[in-house]
**Student:** 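One structure, as structure tokens, below. Some questions next.
Counting starts at 1 for both ligands and their atoms, following the listed order. Remember, it's a predicted structure, so these values are computed and weren't measured experimentally. Note that the numbering runs from 1 along the sequence shown for the chain.
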Amino acid sequence: MTGLLGIENLTREEVQAILDRARDFQPGEGHGFRRFDLLRGRMVVNLFFEASTRTRTSFEIAAKRLGADAVSITAQASSVAKGESLVDTLNTLAAMRPDAIIMRHAASGAPHFLQRHLETPIINAGDGTHEHPTQALLDARTILDRGASLENLRVAIIGDIAHSRVARSNVYLLSKFGARIVLCGPASLLPVELKEIAPGVTLTTDMNEAIAGADVIMMLRVQFERQHDAPFPADEYFRFYGLRPEHLAMARPEVMVMHPGPINRGREISSEVADSQRSVILSQVENGISVRMAVLERVLGGAIN
Ligand code: CP
């Protein structure tokens, strides 16, 4: 069995299969998520070395909705806090024979390194500034649910691009389908090499240019926890890179405003926009469950196509 470490090495067909399967798990209008027995008797461990509300909770709900057992551990509650190494912690958990380990870690590449030493499949729930594959999958599911096609979609990703695993996974995913992606942020948070990671990517420091004609505006939080130097005052950042109602008029009329969360109101997005009809932020959260059900089924239950 293989885990899911990133979007980069998936084929377009593999991504499409997960997105299609996620639709089967979405709740009907006015209903909750259905229960299935597809993974009855299986067990997953959620191992989170960084804070999380959405990803950890939705993986746990997804596992339970498929009939699997789920155990969640945080770094503070694990023996890592007593000096145990990451490899020893993972080997210890693997000895308890879970069917998969879902892992978030501040170090880019941590799950890839551990997967080389472990037979238990690892699902990457975010590794440093590298990838957050299930976030990109749920973002794509949300875009498709609004009737948009990923081909030729114009997507503006705005904010702290340098530290964003969400931006990277979205670039890998969207470019497989021929989307045109504009990465935008202050020059200090916009590495020029990102233009080369996938086809269809352009960069700009001008927010108006990024938004012009956009079908999707994806806002990102400034990740102060990953920065050594204080970058800029909050009000100055909001003036140049905060999404406000007047920006929406520059995009396409049916533009979708997305944000992986957690959102910082008044820093990268105004409350008026976050709570507007154009915002699909809570649909993204909801799709986190169906997409993670599809991923768990794929990893624990074998390939679905
Ligand atoms: N989008 C996301 O990963 O949110 P959490 O940090 O709350 O899991």
**Student:** Validate the cation-pi geometry between Arg244 and Phe238: distance from NZ or CZ to the six-membered ring centre under 6.0 Å, angle to the ring axis within 45°.
**Tutor:**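 Cation-pi check for Arg244 and Phe238: passes.
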
**Student:** Taking salt bridge (Lys or Arg N to Asp or Glu O under 4.0 Å) as the cut-off, I'd like each qualifying pair that reaches into residues 62-74, sequence neighbours left out, listed once.
**Tutor:**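 The answer is Glu60-Lys64.
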
**Student:** Any chance the side chains of His132 and Arg104 put a donor and an acceptor closer than 3.5 Å?
**Tutor:**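 There is such a pair (donor and acceptor under 3.5 Å, judged by atom type) between the side chains of His132 and Arg104.
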
**Student:** Does His117, at its NE2 atom, have more than 12 non-hydrogen atoms belonging to other residues, nucleotides or ligands within less than 6.0 Å?
**Tutor:**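 Yes, NE2 of His117 has more than 12 neighbouring heavy atoms, counting only those of other groups under 6.0 Å.
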
**Student:** Go through the steps for Arg267 and Glu236 under the test salt bridge (Lys or Arg N to Asp or Glu O under 4.0 Å), then give the verdict.
**Tutor:** CA-CA 9 Å; Arg267 189 182 287 275; Glu236 194 173 311; over 6 Å; no

**Student:** Below 4.0 Å from any atom of ligand 1, which residues have a heavy atom? Give them in chain and number order, please.
**Tutor:**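 Protein residues near ligand 1 are Ala51, Ser52, Thr53, Arg54, Thr55, Arg104, His132, Gln135, Pro260, Gly261.
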
**Student:** Starting from the C-alpha separation in whole Å, work towards a yes-or-no answer on salt bridge (Lys or Arg N to Asp or Glu O under 4.0 Å) for Glu254 and Arg146.
**Tutor:** CA-CA 10 Å; Glu254 65 282 11; Arg146 300 275 157 148; over 6 Å; no

